[in-house]
Amino acid sequence: MKRVFSGVQPTGNIHIGNYLGALKQFVELQEDHECIYCIVDEHAITVPQDPKELREHILDVAALYMAIGVDPKKSIIFVQSQVSQHAELGWVLCCNCYTGELSRMTQFKAKSGGNESVGTGLLTYPVLMAADILLYDTDVVPVGNDQKQHIELTRDIAIRVNNKYGKTFVVPEGRFMKEGARIMALDDPEAKMSKSAENIHSRISLLDEDSKIKKSIMRATTDSDGEFRFDPVQKPGVSNLLNIYSAFSGVSVDEILAGQNWRGYGDLKKELVAVTQEALAPIKKNYEEIRHSEELIRVLNDGAERATAIAQPVMQRVRDKFGLGLGR
Ligand code: AMP
Ligand code: TRP
């Protein structure tokens, strides 16, 4: 069985873009892969965090993993900082990565842009991500398209170390969702739906109440030609709504368009409200049951133990290859 690893940062507002773009495939993959899903709290502190809120968000994301259907009997769910080998391997990989490579990363440029005092962690963020992946001899990494560059860097580092020290790491492959899974902001369909946009109606969070879902969709930006057509360039707003409709319902956009008898965009929106509310209802219900349960803590502690059992021998292999410590 191929091994899968992925991670999500513990920040609030996990939205339908995160879900349809990345998280949904976590659930599908666990049927025929050995899956390891991480809550990457050490990545979160590359930007300032409130300690109390961070702890809460770790549990929020863990509960969301389970609420969408990641099954701890099939998959490992754990918190990055509970397995100290991530930071340890991160350091070793930093010593095998060039500052030039890191300063060229798009995400670094975006997050550091215009800022006078940029944290070193923001620069080395992708090296820690490479460590996360390589620590588990990972074959496949399911992520959104925006992580492509980081996966390329991970592969480069793995190949570089293998060439220099002999076969040390499995070289992983990224697994990206189709372009169609890029969900755009409801108020501005030219921009990606994001956690941080100021307007809460730009996104639908997985835990939004039905009334909020309705409000956000009903006021979504469309256009004035009144045609029902999938055309992300000419009609980004309508196309985004159709895309979300298709992703939640499992019906293709062509089929949706062929079967509709809408009189205006309002009818499309009303249907999409119902489809979205229906898709999120079970997630919200599961979340409420799990979020404050003892089971959640048990799952995470058990996950950390199982993750450590895989990470430890890989880290020892790295120490041996590099000549670190005293050996055995
Ligand atoms: P982040 O918000 O950066 O923590 O993203 C978590 C995951 O969701 C990553 O794999 C992203 O690629 C994916 N993602 C974030 N925003 C979107 C979006 N608007 N559409 C599709 N995927 C997204
Ligand atoms: N950088 C990823 C994101 O922002 C999160 C992440 C950290 C990750 N470590 C990872 C994803 C390892 C996949 C594998 O979405």
Side-chain angles (χ1 to χ4, degrees), residues 3-26 29 35-47 57-58 60-61 64-65 68 76 78-81 83 86-87 89-90 93 102 105-108 110-111 121-122 124-155 157-158 172-197 202-206 232 236 239-240 243-244 247-248 307 311:
R3 189 174 282 158
V4 166
F5 184 100
S6 194
V8 172
Q9 294 197 50
T11 44
N13 288 330
I14 301 274
H15 52 69
I16 59 172
N18 300 127
Y19 176 63
L20 298 172
L23 289 166
K24 211 171 128 203
Q25 54 177 341
F26 291 8
L29 281 166
C35 296
I36 307 174
Y37 297 125
C38 187
I39 298 136
V40 292
D41 54 347
E42 290 169 335
H43 280 96
I45 60 166
T46 55
V47 294
H57 285 154
I58 290 170
D60 292 346
V61 172
L64 266 181
Y65 271 155
I68 63 167
I76 296 177
F78 78 106
V79 183
Q80 185 185 34
S81 65
V83 179
H86 288 255
L89 182 59
L93 298 184
L102 296 177
M105 293 285 128
T106 321
Q107 185 173 305
F108 173 70
K111 285 196 182 178
L122 221 41
T124 54
Y125 177 110
V127 188
L128 183 59
M129 177 164 163
D132 296 341
I133 297 167
L134 300 179
L135 192 52
Y136 295 90
D137 288 339
T138 301
D139 300 296
V140 184
V141 188
V143 275
N145 282 318
D146 59 341
Q147 297 298 311
K148 229 173 210 163
Q149 217 184 14
H150 291 164
I151 302 295
E152 262 325 295
L153 181 77
T154 302
R155 291 170 53 86
I157 294 175
E173 308 263 349
R175 183 180 194 271
F176 306 98
M177 295 297 273
K178 289 184 295 257
E179 196 52 54
R182 194 174 147 88
I183 306 300
M184 311 309 282
L186 295 173
D187 61 337
D188 172 14
E190 311 274 354
K192 221 175 68 160
M193 185 176 285
S194 95
K195 288 173 180 168
S196 51
S202 69
R203 63 182 161 263
I204 294 173
S205 295
L206 288 187
S239 302
N240 190 39
N243 200 13
I244 297 170
F248 273 132

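Every number for a ligand or one of its atoms is a count from 1 in the order of the listing.
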**OP:** Around atom 3 (O) of ligand 1, find the nearest protein heavy atom and jot down its residue, atom name and distance.
**Re:** D146 OD2, 4.4 Å
Subject >> Contacting atoms of ligand 1, where contact means under 4.0 angstrom from a heavy atom of R182 >> reply: 20 (N), 21 (C)
Original post:
Nearest heavy-atom pair of P172 and I133: which atoms, and what distance?
Top reply: CG-CG2, 3.7 Å
Original post:
Would one find an N or O of V8, backbone or side chain, under 3.5 Å from an N or O of ligand 1?
Top reply: no
Original post:
Is the ring centre of H150 less than 6.0 Å from the ring centre of F108?
Top reply: no
**OP:** May I ask you to list the atoms of ligand 1 that are less than 4.0 angstrom from any heavy atom of A22?
**Re:** 7 (C), 8 (O), 10 (O)
Subject >> Whether S6 side chain and P142 backbone form a donor-acceptor pair below 3.5 Å >> reply: yes
Original post:
Please state which protein non-hydrogen atom is closest to atom 1 (P) of ligand 1 and give its distance, to 0.1 Å?
Top reply: K195 NZ, 3.6 Å
**OP:** Using a strict cut-off of under 4.0 Å between a residue heavy atom and any atom of ligand 2, list the qualifying protein residues by chain and number.
**Re:** F5, S6, G7, Q9, V40, H43, Y125, M129, D132, I133, V141, V143, Q147
Original post:
How would you list, by chain and number, every residue that makes a side chain to side chain donor-acceptor pair (under 3.5 Å) with D60, sequence neighbours excluded?
Top reply: Y287, R291
Subject >> Where ligand 1 meets H15 - atom numbers and elements under 4.0 angstrom, heavy-atom basis >> reply: 16 (N)
**OP:** Report the nearest protein non-hydrogen atom to atom 19 (N) of ligand 1: residue, atom name, distance rounded to 0.1 Å.
**Re:** I183 O, 2.8 Å
Original post:
What protein heavy atom sits nearest atom 9 (C) of ligand 1, and how far off is it?
Top reply: G144 N, 4.0 Å
Subject >> Pairing residues for K195 by the side chain to side chain donor-acceptor pair (under 3.5 Å) criterion, not counting sequence neighbours >> reply: T11
**OP:** Work out which heavy atom in K24 is nearest to a heavy atom in L20; give both atom names and the distance.
**Re:** CD-CD2, 4.0 Å
Original post:
What residue and heavy atom of the protein are closest to atom 22 (N) of ligand 1, and at what distance?
Top reply: G17 O, 3.1 Å
**OP:** Please answer whether the main-chain N or O of V127 pairs with a side-chain N or O of T124 as donor and acceptor at a distance below 3.5 Å.
**Re:** no
Original post:
Which pair of heavy atoms, one from S81 and one from D41, lies closest together, and at what distance?
Top reply: OG-OD2, 2.5 Å
Subject >> Heavy-atom pair of closest approach, residues S239 and P232 >> reply: OG-N, 3.3 Å
**OP:** Please identify which atoms of ligand 1 are closer than 4.0 Å to at least one heavy atom of G21.
**Re:** 21 (C), 22 (N)
**OP:** Going by the side chain to side chain contact (heavy atoms under 4.5 Å, CB included) test, name the single residue among V141, D139, V140 that passes it with R175.
**Re:** V140
Subject >> atom 8 (O) of ligand 1: the protein heavy-atom neighbour that sits closest, reported with distance to 0.1 Å >> reply: N18 ND2, 3.1 Å
Original post:
Can you list the atoms of ligand 1 that are under 4.0 Å from a heavy atom of V143?
Top reply: 10 (O)
Original post:
Going from CG on L23 to CG on L64, what distance comes out if it is rounded to the nearest 0.5 angstrom?
Top reply: 8.0 Å
Original post:
Which residues pass the side chain to side chain donor-acceptor pair (under 3.5 Å) test with H43, sequence neighbours left out?
Top reply: Q80
